[in-house]
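What follows is a single structure, written as structure tokens, with notes after it.
Quick note: numbers below take in every heavy atom, side chains included, and nothing from hydrogens, waters or symmetry partners.
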Amino acid sequence: MWRDDDELLAALAGAVREAQAVPREFVEAGKAAYAWRTIDAELAALIFDSAAGAAPGAELAPAGTRAEPAVLRGLTFTSARLTIEVQIGADGLLGQIAPPQPGEAEVQLATGTQDVVAIDPIGWFALRPAPGVAFRLRLRTRAGEDVLTCWVTP
């Protein structure tokens, strides 16, 4: 225990000085090591985004049977063994993997939260509501595939 506040403040000041004295290279090495935490997942490349080139707020795909046009965004990711098709709409995020197989889809939000949903035997998964912040998907199949997409901004 500290005898008085001055002794506590002196100890805290010393701790701050020591933290500031950590070499920059050491901090960079720590950040680089943290970045490798998902190295076991294969990265899936974004090969199609229906929003590419569209103006913010522009209609992306009008629905011909509705009074108001619906906004639907389509994304396609591919890896060595999987293709991931994703549609993001007002109701949620729908996805399918090919070749179809069961597993789980982990939705990682930029806020640090995540949600895991099941991928059914024909490769479909759904998340409701759709993410309102940047997100990425990590898909793990029962066959052992582990695929991570890039970050997607809604």
Looking only at heavy atoms, the pair that brings Pro154 and Ala134 closest together is CD-N, 3.7 Å
To the nearest 0.5 Å, what is the distance between OG1 (Thr149) and CD (Glu42)?
12.5 Å
Can you list everything that forms a side chain to side chain donor-acceptor pair (under 3.5 Å) with Glu106? Sequence neighbours excluded, please.
Gln108, Arg140
Salt bridge (charged side-chain N to carboxylate O under 4.0 Å, His left out) contacts touching residues 117-135 (sequence neighbours left out):
none
If the condition is side-chain contact (heavy atoms from CB on, under 4.5 Å), which residues does Val22 pass it with, not counting sequence neighbours?
Phe26, Val27
List the atom of Arg73, the atom of Thr153, and the distance in Å for their closest heavy-atom pair.
NH1-O, 2.6 Å
Cluster companions of Leu93 among Ile, Leu, Val, Met, Phe, Trp, Tyr (side-chain spacing under 4.5 Å):
Leu46, Leu75, Phe77, Leu82, Ile84, Val86, Ile88, Ile97, Val107, Leu109, Val117, Ile119, Phe125, Leu127, Val133, Phe135, Leu137, Leu139, Val147, Val152
Ser79: partners by side chain to side chain donor-acceptor pair (under 3.5 Å), with sequence neighbours left out:
none
Going by salt bridge (Lys or Arg N to Asp or Glu O under 4.0 Å), name the residues that satisfy it together with Arg17, two or more places apart in sequence or in a different chain.
none
In Å and rounded to the nearest 0.5 Å, what is the CD to CD distance from Glu145 to Gln101?
6.5 Å
Atom OG1 of Thr83 and atom CD1 of Ile47: how far apart are they, to the nearest 0.5 Å?
6.5 Å
Heavy-atom nearest pair, Ala126 first then Leu94, reads CB-CD2, 3.6 Å
